[in-house]
Amino acid sequence: MMQEKYAPAEIEAKWQTIWAEQETFRLGKRPEAPKWYVLEMLPYPSGALHMGHVRNYMLGDVIARYQKMHGFEVVHPMGWDAFGLPAENAAIKDGVHPAKRTQENIGTIKAAMLALGYSYDWELEVNTSEPAYYRWNQWFFLKMREMGLVYRRFSRVNWCGESVDGSHPCFTVIANEQVADGCCERCDSRVVDREMPEWAFRITKYSQVLLDALDDLPDWPERIIAAQRNWIGRSDGAEIDFAVAGDEPIRVFTTRLDTIYGCTFVVVAPDSRAIRLATDAQRPAVRAFVAAAEAQSKAERTAEGAVKEGLFTGAYAVHPLSGARIPVWVANFVLSDYGTGAVMGVPAHDSRDFAFAAKFDLPIRRVVAPGDGSTEPEGAPYTEEGILMDSQEYSGKTSALARSEIAATLSARGQGKLAVTWRQKDWGFSRQRYWGTPIPIVYCDHCDPSREGISVPYEDLPIKLPEIETEKVLTGKGEPPLAKVPSWVDVKCPRCGGAAKREVETMDTFVDSSWYFARYLCPTHDKAPVDLAVTKRFLPVDLYIGGPEHGVMHLLYFRFWTRVMHELGLVNVDEPVRKLVTQGIVNGADGRKMSKRWGNAVPSTDLVNRVGADAARIYVLFAGPPERDFSWSDEQVEGALRFLRRVWNLARAFAPAEGAPVVDVDSPSARAQELRRTSHKTIKRVTEAIDRFSFNTAISAIMEMVNAVIAIKDPHQPGEVEQIQSSVRIVSQLLLPFAPHFANEIAQAYGATVPLEEQAWPTFDPSLVVDDVVPYAVQVMGKLRAEVLAPRTATEAEVRAIAEGDQKIQSALRGKVVKRLVFVPHRLVNFVV
RNA sequence: GCACGAGUGGCGAAACUGGUAGACGCAGCGGACUUAAAAUCCGCAGAUCGCUGAUCGUAUGGGUUCGACUCCCAUCUCGUGCACCA
């Protein structure tokens, strides 16, 4: 018996209980069925679930339920990216231990997710801050170290350590994202570059593979593919040696080998080599220049409008082909960690070199002319390719030809070779933080005097984070937090048993999110991170949904990690995800991205309390296509609720008596037949719309069908009530992915004995989705003049005859000669006069 | 600077491989029911004009085509990512 008024709160609680009791979403119930793995990026458990999250998880939930109705064994897990900075920073402020805060937040968010009716299998839940999870990060670390994929290096990092106006620096390495205008986001101290030892993954070993495999990801968004290509940044060029008297040659990298005769100076990065190269007279000045450049933080150096500083070293190099004497400069715009850390200056054909030459009055030598005879720009560099000139035997050749010939010459003389440079760097993952995975390394002065780090034996894993007195350890000052816990730091060396110290750094949280998708499949497995027997069945992920802001970091790291897992025999796929969908940003009412930071976040609980989960779900999906941004609008929410009420009232008005049999009527009325056709057409439309992730049009198709049902007033002719009941039943099925509590409630009132999730998705009768009579648009010279109806089977001549019989067409054609007729079956005819 | 998106009514949007632009919804207007309101139901609704009809209209300018939101060229605006990357 359906209640008179649609009461979402009751219905939603009822079905959430039924799903939990019947374990509707439990994995493992369809062992014979094909699998479908739908995954949403695991959230960082911050305070509350807001509408941005709701939308993200909705997309996955629609597909999960939809594929379940298609008979798949659906994997749909959820977990927590529980380590990370916000909890630790909050702890520094208020002394609440990150674990406690994180646990509370998880409770809040999970409750909000349950209230929305998401179809997760909570048995698969993963929490990355638990030893049962992060021990495997440590295991991976050790394995990857054995594979040569983990190493220790000195690296230039962002160091928050210089007080400004009495600020209290954090004295730690911070991520690029936390640097704002050269200052620390949290304490406003100045951020400086610092050379420090750190641990790194050798991801660049996979640069080529990761780049090539992008071609095999047809179901990833173009923009993400492009972003990754960009990030990996393969650059094909050449390395050339410029000889220097009394020193090693300067090796430069260039992509424009064809312009080599235009080289009038060489520039090296401000580092120790520049000092070494300098003549005695210039050395003090160069030393000062290098010191000044190093004092500059990365932020300052790359800031908009940063000045190009340069200084002549006094030294000269020899041009490898012309033998000319080339001055060697040092400049702040040359990066020591890209290419070879030195460039050849070709002011005539590179805009930056041009500006540099102009500023320091260096000669400009043109060696490439436009190939098409167009005039060269005056007072500006010509940066296109063309025909060489003033380049000895290469003059007159095209840029492309000259490049390969010059490369061959240099290579034969041992002065250069074709070379590839990558923008992508290795992944430094050391963090001077507490709330992360401890790095399983011990330093022993006796066994390891060079401090390479001794790997902790596998059997000692997990190395658990120590219990701490939060206020004493998480201060945001001084050494890394773990260094302040002597009981944890002081250990016995695994080799000699003598006194040793633990590594006090923890891992970047991107490590956690690099393999969680595989762990979901076997969250309690304790022999290895994952079980190949299980990952074989369920990987790759069929659909991955998340924000486009993870386009390069996370989505590249986890592609890398998947390859490592394959090599370790843990999975049998190279790529983790077949199809990727990135959803648009949800903006608050103020037009800014909805987030806690701006105070414009609408918590999901507010909305669910007000209109119910189903209306909230319909609203976020109906608002627009998933990949597009949208702004929060309160009015549209009412529309979603109104729609559900309309359906409710319709369903209630025609609900069959309990146990009443479904009757087929022999000769239904024309109206009933028409409604039947509409229903089948709608099944087709909704199915196709969901298949192309057009959830807003899927919902609009259902709305249209509901409108068509409601339009039948006073149904008393044969078969009409029966057809309406049948249509309502179809509506309930089509609504399931969008408004699952509501749909189930209606279905139950119409005789369903098991949840709709366990039933099959409705199918349509192909003969019912085509009409016998179709409308034709009639155009004259491409302009719409009339509309006529013609039988579906009508020929061109027949449709023409019908069209010509139309009054408006007759007057439009009067006095004109029809030269040609364009005929598009079932669509239009166009008279060309 | 490079790369990738996006620009359609008052608003969110639709139009699938070129074929009736604006479906569906929000806000709005008119009507019914009601003592009244809410809720609900029915209807209208791109703009303009000489209003039984015609003209214009998908950021702007051009092009291809019988026909262009859709394809091509150029331009503008907004968004996102990367960026002294040689």
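Here is the naming used below: chain letters follow the sequence lines, and residue numbers restart at 1 for every chain. Computed over heavy atoms, backbone and side chain alike; hydrogens, waters and symmetry mates excluded.
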Participant: Roughly how far, to the nearest 0.5 Å, is the CG atom of A:Leu335 from the CG atom of A:Asp271?
Facilitator: 11.0 Å
Participant: Distance between the P atoms of B:A14 and B:A23, in whole angstroms?
Facilitator: 13 Å
Participant: Between A:Ile710 and A:Lys425, which is nearer to the 5' end of RNA chain B once each is assigned its nearest nucleotide?
Facilitator: A:Ile710
Participant: According to ring-ring contact (aromatic ring centres under 6.0 Å, His included), who are the partners of A:Phe560, at least two apart in sequence or on a separate chain?
Facilitator: A:Tyr206
Participant: To the nearest 0.5 Å, what is the distance between CG (A:Leu362) and CZ (A:Phe354)?
Facilitator: 12.0 Å
Participant: Under the salt bridge (Lys or Arg N to Asp or Glu O under 4.0 Å) definition, can you give me all pairs with a residue in residues 339-355 of chain A, not counting sequence neighbours?
Facilitator: none
Participant: Taking atom P in both B:U70 and B:U8, what distance in whole Å separates the two?
Facilitator: 14 Å
Participant: For the P atoms, the ones on B:U20 and on B:G67, what distance do you get once it is rounded to whole angstrom?
Facilitator: 15 Å
Participant: Would you classify A:Pro625 as touching base, sugar-phosphate or nothing, given that sugar-phosphate means primed atoms plus P, OP1 and OP2, and contacts are heavy atoms under 4.0 Å?
Facilitator: sugar-phosphate
Participant: Side-chain donor-acceptor pair under 3.5 Å between A:Ser235 and A:Thr255, yes or no?
Facilitator: no
Participant: Would you please classify the geometry between the A:Phe360 ring and the A:Trp329 ring as parallel, tilted or perpendicular, with 30° and 60° separating the classes?
Facilitator: tilted
Participant: Could you tell me how far apart A:Ile618 (CD1) and B:G12 (P) are, to the nearest whole angstrom?
Facilitator: 21 Å
Participant: Roughly, in whole Å, what's the span from CD in A:Glu787 to C1' in B:A21?
Facilitator: 13 Å
Participant: Measuring only the P atom in each nucleotide, how far is B:U58 from B:G10? A whole number of Å is fine.
Facilitator: 13 Å
Participant: Would you say NZ of A:Lys808 has more than 12 non-hydrogen atoms from neighbouring residues, nucleotides or ligands within 6.0 angstrom?
Facilitator: no
Participant: Under 4.0 Å between a side-chain N/O of A:Arg820 and OP1 or OP2 of B:C66, yes or no?
Facilitator: yes
Participant: Look at all strands and tell whether A:Asn696 reaches a base, only sugar-phosphate, or nothing, counting heavy atoms closer than 4.0 Å.
Facilitator: sugar-phosphate
Participant: Find the distance between OG1 (A:Thr697) and CD1 (A:Ile690) and round it off to the nearest 0.5 Å.
Facilitator: 9.0 Å
Participant: Could you state the CD-C1' distance from A:Glu222 to B:G79, rounded to the nearest angstrom?
Facilitator: 18 Å
Participant: Has A:Tyr338 got a side-chain N or O lying under 4.0 Å from the OP1 or OP2 atom of B:A86?
Facilitator: yes
Participant: Is there a side-chain contact between A:Thr254 and A:Ile260, using heavy atoms and a 4.5 Å cut-off?
Facilitator: no
Participant: Taking only Watson-Crick and G-U wobble pairs with both distances under 3.5 Å, what dot-bracket line describes RNA chain B, where [ ] shows pairs that cross earlier ones and | shows pairs with another strand?
Facilitator: (((((((..(((......[....))).(((((.......))))).((((...))))..(((((..]....))))))))))))....
Participant: Would you please classify the geometry between the A:Phe742 ring and the A:Trp648 ring as parallel, tilted or perpendicular, with 30° and 60° separating the classes?
Facilitator: tilted
Participant: When rounded to the nearest Å, what value does the distance between P atoms of B:A21 and B:C16 take?
Facilitator: 13 Å
Participant: Rounded at 0.5 Å granularity, tell me how far CZ in A:Arg403 sits from OG1 in A:Thr259.
Facilitator: 9.0 Å
Participant: Reckon A:Arg223 has a side-chain N or O less than 4.0 Å from the OP1 or OP2 of B:A3?
Facilitator: no
Participant: Anti or syn, where syn is a glycosidic angle within 90° of 0; which label fits B:G9?
Facilitator: syn
Participant: Is A:Lys713 touching bases, backbone alone, or none of the nucleic acid, heavy atoms closer than 4.0 Å?
Facilitator: sugar-phosphate
Participant: Can you check whether A:Arg423 has a side-chain N or O nearer than 4.0 Å to OP1 or OP2 of B:C82?
Facilitator: no
Participant: Could you state the CG-C1' distance from A:Leu621 to B:A13, rounded to the nearest angstrom?
Facilitator: 14 Å
Participant: Counting distance only, does the side-chain N/O of A:Arg652 pair as donor-acceptor with the main-chain N or O of A:Glu4 below 3.5 Å?
Facilitator: yes
Participant: If the cut-off is 4.0 Å, is A:Arg628 near the phosphate of B:G79, judged by side-chain N/O to OP1 or OP2?
Facilitator: no
Participant: Quick one: which protein N/O atoms are closer than 3.5 Å to N/O atoms of nucleotides 67-76 of chain B? Pair and distance per line, please.
Facilitator:
none

Participant: From C-beta outward on A:Asn230, which listed nucleotide comes closest to its side chain: B:G19, B:G81, B:C85?
Facilitator: B:G81
Participant: In whole Å, what separates the C1' atom of B:C85 from that of B:G81?
Facilitator: 16 Å
Participant: For the C1' atoms, the ones on B:A68 and on B:A59, what distance do you get once it is rounded to whole angstrom?
Facilitator: 16 Å
Participant: Is the ring pair A:His554/A:His550 parallel, tilted or perpendicular, if the boundaries are 30 and 60 degrees?
Facilitator: perpendicular
Participant: Taking the side chain of A:Pro775 as its heavy atoms from C-beta onward, which of B:C66, B:U20, B:C82 lies nearest to it?
Facilitator: B:U20
Participant: Using a heavy-atom cut-off of under 4.0 Å over every strand shown, decide if A:Asp629 touches base, sugar-phosphate, or nothing.
Facilitator: sugar-phosphate
Participant: Nearest to the side chain of A:Val822, heavy atoms from C-beta on, is which of B:G19, B:A39, B:A83?
Facilitator: B:G19
Participant: Taking the minimum atom-to-atom distance to the side chain of A:Arg352, which one of B:C85, B:U20, B:A15 wins?
Facilitator: B:C85
Participant: Determine, using ring centers only, whether A:Phe738 and A:Phe643 are less than 6.0 Å apart.
Facilitator: no
Participant: If you measure only the distance, is there a donor-acceptor pair under 3.5 Å linking the side chains of A:Asp691 and A:Tyr66?
Facilitator: yes
Participant: Look for any protein N or O under 3.5 Å of an N or O in nucleotides 47-57 of chain B and output each such pair with its distance, or none.
Facilitator:
{"unit_1": "B:U55", "atom_1": "OP2", "unit_2": "A:Arg785", "atom_2": "NH1", "d": "3.4"}

Participant: Check nucleotides 24-28 of chain B for protein N or O atoms closer than 3.5 Å to its own N or O atoms and list the pairs.
Facilitator:
{"unit_1": "B:G25", "atom_1": "OP1", "unit_2": "A:Asn707", "atom_2": "ND2", "d": "3.0"}
{"unit_1": "B:G25", "atom_1": "N2", "unit_2": "A:Gln636", "atom_2": "NE2", "d": "2.8"}
{"unit_1": "B:C26", "atom_1": "OP1", "unit_2": "A:Arg642", "atom_2": "NH1", "d": "2.8"}
{"unit_1": "B:A27", "atom_1": "OP1", "unit_2": "A:Arg642", "atom_2": "NH2", "d": "3.4"}
{"unit_1": "B:A27", "atom_1": "OP2", "unit_2": "A:Arg642", "atom_2": "NH1", "d": "3.3"}

Participant: Write down the distance separating the P atoms in B:C2 and B:A47, rounded off to the nearest Å.
Facilitator: 42 Å
Participant: Counting only side-chain nitrogens and oxygens, does A:Asn332 get under 4.0 Å of the OP1 or OP2 atom of B:C84?
Facilitator: no
Participant: Could you state the CZ-C1' distance from A:Phe643 to B:G12, rounded to the nearest angstrom?
Facilitator: 17 Å
Participant: What integer distance in Å separates A:Gln583:CD from B:U80:P?
Facilitator: 15 Å
Participant: Parallel, tilted or perpendicular, judged at 30° and 60°: which one describes the rings of A:His826 and A:Tyr776?
Facilitator: tilted
Participant: For the pair made of CD1 in A:Ile232 and C1' in B:G81, what is the distance, rounded to whole Å?
Facilitator: 14 Å
Participant: What contact category does A:Val334 fall into here, base, sugar-phosphate, or nothing, at under 4.0 angstrom with non-hydrogen atoms?
Facilitator: base
Participant: Round to a whole Å and report the spacing from CD of A:Glu688 to P of B:U17.
Facilitator: 12 Å
Participant: For B:C51, does the O4'-C1'-N9-C4 (purine) or O4'-C1'-N1-C2 (pyrimidine) torsion place it in syn, i.e. within 90° of 0, or in anti?
Facilitator: syn
Participant: Counting only heavy atoms from other residues, nucleotides and ligands, does the tally under 6.0 Å from NZ of A:Lys684 exceed 12?
Facilitator: no
Participant: Where each residue is assigned the nucleotide of RNA chain B containing its nearest heavy atom, which of A:Gly339 and A:Trp231 is assigned the position nearer the 5′ end?
Facilitator: A:Trp231
